[in-house]
Protein chains: 2
Amino acid sequence: MDNINIKVLAKELNISTSTISRAFNGSPDINKDTKEKILAFAREHNFLPNHYASNLRDKKSRTLAVIVPEIANDFFAQAINGIEEIARKKGFYILLYRTDDVFDKEVSFINYLNNGKADGIIMSVSGEANDHNYLRKLEQKNIPVVFFDRVYEDIEAAKVITNDYESSFDATEHLIDTGCKKIAYLVVNKSISIGQVRMQGYIDALKKHDIPFVDELVIDCSNDEKINYGILKKALEEIKPDGIFSSVERLAFGTYYVCNDLGIDIPRDLKVISFSSLNIAPLLCPALSTITQPAFEMGSKAATLLFEELEKKGVNIQKKEHVLKSKIFIRKSSGG
Amino acid sequence: MDNINIKVLAKELNISTSTISRAFNGSPDINKDTKEKILAFAREHNFLPNHYASNLRDKKSRTLAVIVPEIANDFFAQAINGIEEIARKKGFYILLYRTDDVFDKEVSFINYLNNGKADGIIMSVSGEANDHNYLRKLEQKNIPVVFFDRVYEDIEAAKVITNDYESSFDATEHLIDTGCKKIAYLVVNKSISIGQVRMQGYIDALKKHDIPFVDELVIDCSNDEKINYGILKKALEEIKPDGIFSSVERLAFGTYYVCNDLGIDIPRDLKVISFSSLNIAPLLCPALSTITQPAFEMGSKAATLLFEELEKKGVNIQKKEHVLKSKIFIRKSSGG
DNA sequence: TTGATGTACGCAACCGATTACTGCAAATGG
DNA sequence: CCATTTGCAGTAATCGGTTGCGTACATCAA
């Protein structure tokens with residue numbers, strides 16, 4: 001009773017195991033009545049085919065691996081929802097892994113996935129500019145990868161990104177339009193590609209308005225909130241910017257905390273705009289101006305592309321960048 | 001080259017497959033040198049034992065299923081982090097499933113898990129007061145379940161909860177202390193146990209201070225933000241409470257939006273306190289008073305209990321309620 | 001020298017499903 | 001009426017590891 005399997009069923013019903021298997025897999029080679037009898041009996045005995053056995057045979061796990069730097073983050077949480085939505089429709093499940101932005105964790109998980117634990121991978125990378133060859137192993141095993149938001153340029157794969165350069169340019173220009181002369185750029189890891197692209201938008205907007213780019217105004221932060229508080233406090237006290245363009249939501253929050261403590265008035269003394277997927281940005285004090293990425297849509301797009309690859313509908317999947325547009329919401333924090 | 005497996009390795013190294021298997025599983029029956037030679041060769045050829053084959057044999061998937069109503073939610077996202085932290089240490093991975101508070105989805109996923117896809121389950125239930133016997137099937141298969149936050153009373157299992165009654169009592173009393181006479185209780189699903197417990201705290205606090213409980217002040221909301229906006233607006237306009245105790249974070253946000261639009265001043269006209277895991281609650285306008293559950297710790301505690309059950313360290317695992325305490329943060333929204 | 005103990009490894013059955021191949025009866029066609 | 005196709009089901013090999021059992025050889029004590 002404990003270990004019910006296809007053989008037990010077969011004996012019980014006086015039918016071969018192959019017929020039972022066919023009942024579960026929509027095979028045309030089975031009589032309708034037989035099939036119903038089997039399924040009814042199976043339901044009654046709470047039986048479903050063991051997935052490990054099935055997967056061992058046909059090498060399909062019906063599972064997607066999702067790799068993200070963080071989970072407790074509005075952007076990624078919404079993106080995961082988007083992925084899940086599509087996966088669910090396809091009858092797939094999600095294996096979730098968080099890298100904490102640590103390259104080694106990413107590598108170890110990818111290596112683990114080499115064994116067919118998942119049929120495909122959707123990831124937002126930790127971003128370190130290391131050797132990315134470990135990802136190439138996946139190709140050998142025919143496990144497709146789709147990147148979203150944070151991608152590796154040197155790996156050929158479908159990529160879902162936003163118009164970061166443009167948004168950054170526009171956001172910076174917006175700050176300039178409101179009168180800012182000394183705009184700081186907040187970033188967590190200057191060296192990763194997404195930080196670079198956003199910074200370029202910032203730099204080019206400055207250039208357009210003949211504001212010299214000063215290296216000192218690029219504030220490179222960490223993943224530790226306490227350390228960031230110190231960095232931001234020092235920057236606001238010593239460099240005294242009149243505008244902040246934050247490439248990361250958390251750093252905008254850090255800025256708010258520091259301003260509260262230092263008595264800096266946003267937006268009077270300092271205008272702030274930030275990349276953020278926080279849906280209660282209007283409720284902040286003051287309401288935060290945001291560049292909001294279509295997180296949910298990015299997730300569902302990434303999943304859709306992955307399924308196209310898995311199902312190989314077309315001849316070839318477009319292993320290119322798919323750009324979804326962010327929206328800029330001007331609110332009080334930048335004088336809106 | 002494509003399909004490397006234990007047999008190919010065996011032939012290549014002129015060693016039996018059993019020895020190779022032993023090299024990977026910390027068996028004592030293997031020579032150190034042999035083991036190293038095998039592991040080195042395997043590494044070189046990018047080989048790891050196939051999980052589906054292993055699992056098929058020993059019925060262990062090294063995977064935990066995590067079932068939550070929502071993902072893009074501060075509480076659950078943090079709890080998932082807590083679960084992940086422990087799981088990672090044990091070398092386990094996480095299969096994530098979102099129920100959207102829909103009972104049927106919960107049931108279908110649980111049924112799917114019946115087949116050894118996961119070794120154990122951590123869940124926060126959708127909460128509908130239906131027949132929960134589908135969970136009993138898991139016992140037959142020896143798949144342990146740990147509940148957290150939202151539990152089914154009628155299922156025997158380890159449960160990680162917070163002191164909701166007490167917190168609710170204290171929060172309500174706090175509102176009374178600040179002078180509120182007409183406190184509304186916001187809830188999403190009045191009938192589920194967690195909503196009940198919190199309401200009881202609210203009711204008893206009123207009673208203690210001789211404030212009559214009025215049914216009209218229990219505002220039953222939905223999962224749809226737009227509908228909630230309407231419900232809350234109507235409530236604030238018609239019933240005109242002077243205090244809000246929200247059992248769900250989202251509803252506090254909804255209240256803020258409605259107050260913004262109606263020109264109701266928080267905390268002057270209306271004092272608000274809410275269950276919430278939002279870590280930027282101090283940055284809201286005004287700073288939101290919160291009852292904050294130890295989300296991360298609840299997750300890690302739940303995972304720890306599950307592993308105790310899986311490893312059967314003790315004779316018997318405590319299938320009882322484990323209560324972690326929430327913290328109340330009084331901020332400006334309730335006159336703090 | 002002999003029997004006991006331990007180490008390291010191989011053999012082969014096994015986990016539970018899938019499916020190519022085969023077989024048989026009934027249906028269909030000319 | 002015979003040949004061919006079709007529908008349905010069974011046999012057995014297979015997916016890729018794991019492990020109980022058996023054994024060869026080394027070591028050691030008496």
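In this text, all values refer to a predicted model and were calculated from it rather than measured experimentally. Protein chains get the first letters and strands the later ones, always in sequence-line order, with residue 1 at the start of each.
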Visitor: Are side-chain heavy atoms of B:Q293 and B:M298 found at a separation under 4.5 Å?
Guide: yes
Visitor: Quick check on the 6.0 Å ring-centre criterion: do A:Y112 and A:Y97 meet it?
Guide: no
Visitor: How many angstroms lie between CZ in A:F109 and OH in A:Y134, if you round to the nearest 0.5 Å?
Guide: 12.5 Å
Visitor: Starting at the 5' end of nucleotides 9-19 of chain C, put B wherever the base has a protein heavy atom under 4.0 Å, S where only the sugar-phosphate does, and a dash everywhere else.
Guide: BBB-BBBBBBB
Visitor: On DNA chain D, which is the earliest and which the latest nucleotide, 5' to 3', with an atom closer than 4.0 Å to a heavy atom of chain A?
Guide: D:dC8 to D:dG16
Visitor: Is the ring pair A:Y152/A:H132 parallel, tilted or perpendicular, if the boundaries are 30 and 60 degrees?
Guide: parallel
Visitor: Roughly how far, to the nearest 0.5 Å, is the NZ atom of A:K35 from the CZ atom of A:R22?
Guide: 12.0 Å
Visitor: For B:N50 and B:A53, indicate whether the former's side chain and the latter's backbone hold a donor-acceptor pair under 3.5 Å.
Guide: yes
Visitor: Hey, are B:E106 and B:T99 close enough side-chain-wise for a donor-acceptor pair under 3.5 Å?
Guide: no
